[in-house]
Amino acid sequence: MENPTNLLEQRRFKLAELKRLGHDPYPHRFDYTHTLGEVRRRFDGIDASELEERRETVKVCGRIMSLRLQGKAGFIDLSDGEHRLQVYVRRDFVGQENFALFKLFDIGDIVGAAGTIFRTRTGELTVSATAVSHLAKNLLPLPEKWHGLTDVETRFRQRYVDLIVNPEVRSVFVKRSRIIREIRDFLDARGYLEVETPVLQTIAGGALARPFRTHHNALDIPLYMRIALELYLKRLIVGGIPRVYEMSRIFRNEGVSTQHNPEFTMLEFYQAYSDYSDLMDLSQEMITLIAEKVTGSRQVPYGGHILDFDKWQRLSMKEAICRFWPESIPGPAMEDLQSLDRLRSFAGSINAHFEPTDGPGKLMALLFETVAEDHLIQPTIIYDYPAEVSPLSKTKPDDPTMVERFELYIGGMEVANAYSELNDPAEQKARFEEQLQARGRGDEEAHDMDLDYIRALSYGMPPTAGEGIGIDRLTMVLTDSQSIRDVILFPLLRPEQLSGE
RNA sequence: GGGCCGUUAGCUCAGUCGGCAGAGCAUCUGCCUUUUAAGCAGAGGGUCGCUGGUUCGAGUCCAGCACGGCUCACCA
C-alpha cells in the first residue's frame, strides 16, 4: 500500500500497519508501575549520577504530546492530562521490532513504555525505553503545539480536545471540584444534612423564572424541571431536619449569555432558628475560606481587579441606589424610594425600562440593578429588598413593604441570595395570591400557587434562614473566568450537523 | 429577539484595488542514536461556512441562510 496523502488516511494506514505487524490495535489493559505524576514526585529531585547508579525501572503510559524522531532514536513526551514525562526510544535499546512499532507512533496516540529512569544531557528526567506498546490510535490529529486550540466553539463542543491541549482548562475544573468539596466539608462540619429532592416537579417554584416543560408518559401528566431547590428543602425543615442543604442542577428556560446557562448548579442551604443576619456572617466566612483554600489567598485576581476577601462591605439596597447613582443625573434621597411616582420618574431619568403595572418594589429593584450592580466588584452584601419581588421572604418588623433578604455580589455578579424565610402560612398564601395576580397581568415569571407548601407551613416551620449560592458564578470569580461557559464542561450550544464520517 | 464582529489546509492565521489559494506548525519522503518550539533537504494537502446574485473573472462586492463570539434586552 502506498502512503496516502490525506491526514486521516495516513492515520488509518498506520493503524492497519500495526495490525499487519501483529499488534492488537486496541489492547485491553496496560500494567503500569507508576503514574507520570508518581515518577515526577519520586525522581524529580534526584540528579543524573544518582539516577544512573540506581537504574530504577518503571512502566508508564499516556498520550503522546510531541514526538522528535532522530534517525535510529527518538523522543516522545507523554501526558496523563496533568503531568508530562519524556521517553527516549533508541533502536539498539528496544530492538528492531519495537523500533518499527515506535515509527508508527503519531502525536496523540496513547502508548506505554517500560525502561529505566535517567537524565539527558540537558538534565530532563526521561525514561530510557527497553520496550514500547501501542494502546490506542489517535485518528484525528490534535491541534498544533504552539497556539493550541483557541476556536471557542470547538473548545466547547469538543471539550475533550480542549482538555487534551489546554492545561489551564483542566485547572479550572480541578478548582471547581475543590470548591464543591470545600462547601460540603464546611456545611457537614456544621451539622448540615445533604439531601436530594425532585428535579421533576408538578409546580416549578422557589424562584421567579420560566421552567422547562416535559411530560410523564405513564401518568400522562405535564411536569416541569425544577427552577430552584427551595420549597422542598423548607418542607424538610418542617419535617424536623434543622440544617439541610442540596447542591445540584437546576434549569431555567431563559437566554444564554456569559453569565447564564440554562442548566446550572445551585447550592441551597437552610438553617432553623436563624435569620438573614446569621447567614450574612456565615456566607462571608464560608466564601472567604473557600477563596483562600482554592486560590491560596484572600486576594484574588478577577477581570483585571483584585478581589479582596478581607474587606467585605454591606449596604442596604436603598443605600446602594443612592451611593451609585450617576453623578450627572439628579438622584433620589432615601425617602424618595417610597413613592411610586418618584420611583417612576427616577427610572425614567436613567432610561430604565419598566411596565406601567410595576409596583414600587419592582421599580426599586430595577433602579438598583441599573445603577449599582456593575459597581459591586468587591465582595458586597446588599440587604433589605422590596417584598414585592420576594414572595417567600419574611418582612421587616418595622416595614411590611420590605423583607429580610440579602444578595451577595462579587465581580459585578449576583453570586448568592438569602433571606429570613416566611413561615406564616396565611401570609404565604396571600403572597402567592399576589403573584397569581401578577401572572394574570402577563408576568410569566410570577410564582405559582403551591398549596402543599402552604399545608407544610401550616404544620409549623421554625424561624429559618435560607440561602442559594450559584456555584458556576462562584467558580468564575475564583478562577478569573469571564464567561460561565469556561466553568461548565459542556455548555448548551445549538446542535451541530455532523456527517457520519 | 436587536446591534456589531467572525467563519480560508488537521491547528493558528495572512490574503492589498475583484485578476494563478498563501505562511508557520502538523503530515509525507530522505538524512540524522541525549532532543525538547530539535535540525537539514524535498514533497503533498483547499467545497475559501452554505445558497443565490453582480461581473469577462468573486476568498474579495451584494442578498439570503447557518453556526459561533461579544453586546443589549430577560435572568441567577
Side-chain angles (χ1 to χ4, degrees), chain A residues 2-11 13-14 48 65-77 84-94 99 106-108 118-126 128 138-158 161 164-166 206-210 227-228 250-268 351-353 365-366 369-370 373 389 407-409 413-417 443-445 468-474 476 482-485 491 493-497:
Chain A
E2 287 303 309
N3 277 326
T5 53
N6 178 286
L7 284 176
L8 277 60
E9 285 166 11
Q10 279 164 3
R11 299 275 168 125
F13 171 74
K14 286 184 179 175
M65 299 310 288
S66 74
L67 192 153
R68 297 175 292 284
L69 206 66
Q70 229 174 2
K72 296 172 189 65
F75 291 89
I76 52 181
D77 293 335
R84 287 200 179 206
L85 185 65
Q86 179 171 267
V87 176
Y88 178 51
V89 182
R90 181 166 153 159
R91 193 175 68 179
D92 54 16
F93 290 175
V94 299
F99 200 72
D106 280 308
I107 291 175
F118 80 113
R119 278 187 196 280
T120 62
R121 264 178 220 152
T122 53
E124 176 147 352
L125 191 71
T126 304
S128 177
N138 171 279
L139 293 170
L140 297 171
L142 293 177
E144 66 144 303
K145 57 189 173 187
W146 299 353
H147 305 88
L149 177 68
T150 60
D151 180 77
V152 182
E153 183 179 353
T154 311
R155 285 189 45 225
F156 296 158
R157 285 199 196 280
Q158 297 181 252
V161 178
I164 291 168
V165 299
N166 294 327
L208 308 180
R210 278 148 66 179
I227 57 173
I250 65 175
F251 309 86
R252 297 190 182 175
N253 204 340
E254 279 152 5
V256 293
S257 78
T258 47
Q259 292 179 29
H260 302 84
N261 194 62
E263 55 179 305
F264 62 104
T265 301
M266 181 87 109
L267 163 72
E268 287 194 28
N351 294 319
H353 176 76
L366 177 70
E369 282 160 21
T370 309
E373 212 170 291
V389 294
E407 289 189 343
L408 170 54
Y409 283 85
M413 279 186 299
E414 184 189 334
V415 169
N417 177 22
D443 184 347
E444 285 184 68
E445 284 160 9
I469 296 182
I471 299 301
D472 313 271
R473 289 188 178 177
L474 180 61
M476 287 170 70
Q482 311 308 307
S483 168
I484 201 167
R485 291 172 184 171
L493 297 173
R494 264 177 220 278
E496 159 188 44
Q497 294 299 319

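Below, read A as the first sequence line, B as the second, and so on, with proteins coming before strands; counting in each chain starts at 1. As the structure is a prediction and not an experimental result, all values here were calculated from the model.
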**Prompt:** Between A/Leu140 (CG) and B/A9 (P), how many Å, whole number?
**Reply:** 16 Å

Enumerate all atom pairs, one protein N or O and one N or O from nucleotides 66-68 of chain B, separated by less than 3.5 Å.
{"unit_1": "B/C67", "atom_1": "O3'", "unit_2": "A/Arg157", "atom_2": "NH2", "d": "3.3"}
{"unit_1": "B/C67", "atom_1": "O2'", "unit_2": "A/Glu153", "atom_2": "OE1", "d": "3.2"}
{"unit_1": "B/C67", "atom_1": "O2'", "unit_2": "A/Glu153", "atom_2": "OE2", "d": "2.7"}
{"unit_1": "B/G68", "atom_1": "OP1", "unit_2": "A/Arg494", "atom_2": "N", "d": "2.8"}
{"unit_1": "B/G68", "atom_1": "OP2", "unit_2": "A/Arg494", "atom_2": "NE", "d": "3.0"}
{"unit_1": "B/G68", "atom_1": "O4'", "unit_2": "A/Glu153", "atom_2": "OE1", "d": "3.1"}

**Request:** Using a heavy-atom cut-off of under 4.0 Å over every strand shown, decide if A/Asn261 touches base, sugar-phosphate, or nothing.
**Result:** base

**Request:** Identify whether any heavy atom of A/Glu124 sits under 4.0 Å from a base atom; if not, whether one sits that close to sugar-phosphate; answer base, sugar-phosphate or nothing.
**Result:** base

**Request:** Pick the P atom in B/C4 and in B/C50, then give their distance to the nearest Å.
**Result:** 23 Å

**Request:** Under the side chain to side chain contact (heavy atoms under 4.5 Å, CB included) rule, collect the residues that match up with A/Gln86, sequence neighbours excluded.
**Result:** A/Arg68, A/Phe75, A/Asp77, A/Thr120, A/Glu124, A/Thr126

**Complete:** For A/Ala228 and A/Arg252 the tightest heavy-atom approach is CB-NH2, 4.3 Å

**Complete:** Only residue of A/Leu408, A/Asn417, A/Val415 satisfying side-chain contact (heavy atoms from CB on, under 4.5 Å) with A/Ile469 is A/Val415

**Asked** Looking at side-chain heavy atoms only, is the closest gap between A/Leu149 and A/Asn166 below 4.5 Å?
**Response** yes

**Item:** Side chain of A/Leu149 - closest among B/U33, B/G10, B/U12
**Value:** B/U12

**For atom OH of A/Tyr88 and atom P of B/C32, their distance in whole Å** = 14 Å

**Minimum heavy-atom distance A/Phe99-A/Lys72, with the two atoms named** = CZ-C, 3.3 Å

**Request:** Looking at every strand, decide which applies to A/Leu69 at a 4.0 Å heavy-atom threshold: base, sugar-phosphate, or nothing.
**Result:** base

**Message:** What's the gap between B/C61 and B/C17 when it is taken at their P atoms, as a whole Å value?
**Reply:** 10 Å

**Message:** I need the CG-C1' distance between A/Asp77 and B/U35, as an integer number of Å.
**Reply:** 9 Å

**Message:** If the cut-off is 4.0 Å, is A/Lys145 near the phosphate of B/C11, judged by side-chain N/O to OP1 or OP2?
**Reply:** no

**Asked** Do A/Gln70 and B/G39 have a side chain to base donor-acceptor pair shorter than 3.5 Å?
**Response** no

**Complete:** Comparing A/Ser483 with A/Arg252, nearest RNA chain B nucleotide closer to 5' gives the residue A/Ser483

**Asked** Would you say A/Phe264 stacks on B/A76, if stacking means ring centres under 5.5 Å apart and planes within less than 30 degrees?
**Response** yes

**Prompt:** RNA chain B: stems of at least 3 consecutive Watson-Crick or G-U pairs, cut-off 3.5 Å?
**Reply:** B:1-7 with B:66-72, B:10-13 with B:22-25, B:27-31 with B:39-43, B:49-53 with B:61-65

**Asked** Taking atom P of B/A26 as reference, at what distance in whole Å does atom CG of A/Asp106 sit?
**Response** 13 Å

**Message:** Please report the distance separating the C1' of B/G10 from the corresponding atom of B/G52, rounded so that it comes out in whole Å.
**Reply:** 30 Å

**Asked** Sub-3.5 Å donor-acceptor pair from the side chain of A/Asp472 to the main-chain atoms of A/Thr265, do we have one?
**Response** yes

**Item:** Value in whole Å for how far the P atom of B/U33 lies from CZ of A/Arg121
**Value:** 12 Å

**Asked** A/Gly74 near the nucleic acid: base, sugar-phosphate alone, or nothing, with a heavy-atom cut-off under 4.0 Å?
**Response** nothing

**Message:** For B/A38 and A/Arg68 - does any side-chain N or O of the residue sit under 4.0 Å from the phosphate oxygens OP1/OP2?
**Reply:** yes

**Minimum heavy-atom distance A/Phe251-A/Glu263, with the two atoms named** = CD2-CB, 3.5 Å

**Item:** Heavy-atom closest contact (A/Leu142 atom, A/Gly108 atom, distance)
**Value:** CD1-CA, 3.7 Å

**Request:** Rounded to the nearest angstrom, tell me the gap between atom CD in A/Gln86 and atom P in B/A37.
**Result:** 11 Å

**Pairwise side-chain contact, A/Val161 with A/Pro143, heavy-atom cut-off 4.5 Å (strictly under)** = yes

Can you give me the N/O atom pairs linking the protein to nucleotides 2-5 of chain B at distances under 3.5 Å, or say none if there are none?
none

**Prompt:** What pairs with A/Gln482 under side chain to side chain contact (heavy atoms under 4.5 Å, CB included), at least two apart in sequence or on another chain?
**Reply:** A/Tyr302, A/Asp480

**Request:** Using the C1' atom as the reference point in each nucleotide, state the distance between B/A14 and B/G24 in Å, no decimals.
**Result:** 11 Å

**Message:** If I take atom CZ in residue A/Arg155 and atom P in nucleotide B/C70, what distance separates them, rounded to the nearest angstrom?
**Reply:** 11 Å

**Prompt:** Considering only heavy atoms from C-beta outward, does the side chain of A/Arg119 approach that of A/Leu125 to under 4.5 Å?
**Reply:** yes

**Asked** Considering only the C1' atoms, how many Å lie between B/C32 and B/A38, rounded to the nearest integer?
**Response** 11 Å

**Message:** Rounding to an integer number of Å, can you tell me how far A/Arg91 CZ sits from B/U34 C1'?
**Reply:** 17 Å

**Message:** Going by side chain to side chain contact (heavy atoms under 4.5 Å, CB included), name the residues that satisfy it together with A/Leu139, two or more places apart in sequence or in a different chain.
**Reply:** A/Arg11, A/Arg12, A/Leu15, A/Tyr26, A/Lys137

**A/Leu493 versus A/Arg157, closest heavy-atom pair with distance** = CD1-CG, 3.4 Å

**Request:** Would you indicate which nucleotide in B/U33, B/U12, B/U35 comes nearest to any side-chain atom of A/His147?
**Result:** B/U12

**Prompt:** In terms of ring plane angle, is the pair A/Phe118 and A/Tyr88 parallel, tilted or perpendicular, where the classes change at 30° and 60°?
**Reply:** tilted

**Asked** Between A/Thr258 and B/U71, is there a side-chain N or O to OP1/OP2 distance below 4.0 Å?
**Response** yes

**Message:** Give me the distance, rounded to whole Å, that separates B/G6 from B/U60 when you measure between the C1' atoms they each carry.
**Reply:** 16 Å

**Asked** Expressed as a whole number of Å, how far does the C1' atom of B/A26 sit from that of B/G45?
**Response** 11 Å

**Message:** Between A/Thr150 and B/U12, is there a contact of a side-chain N or O with OP1 or OP2 at under 4.0 Å?
**Reply:** yes

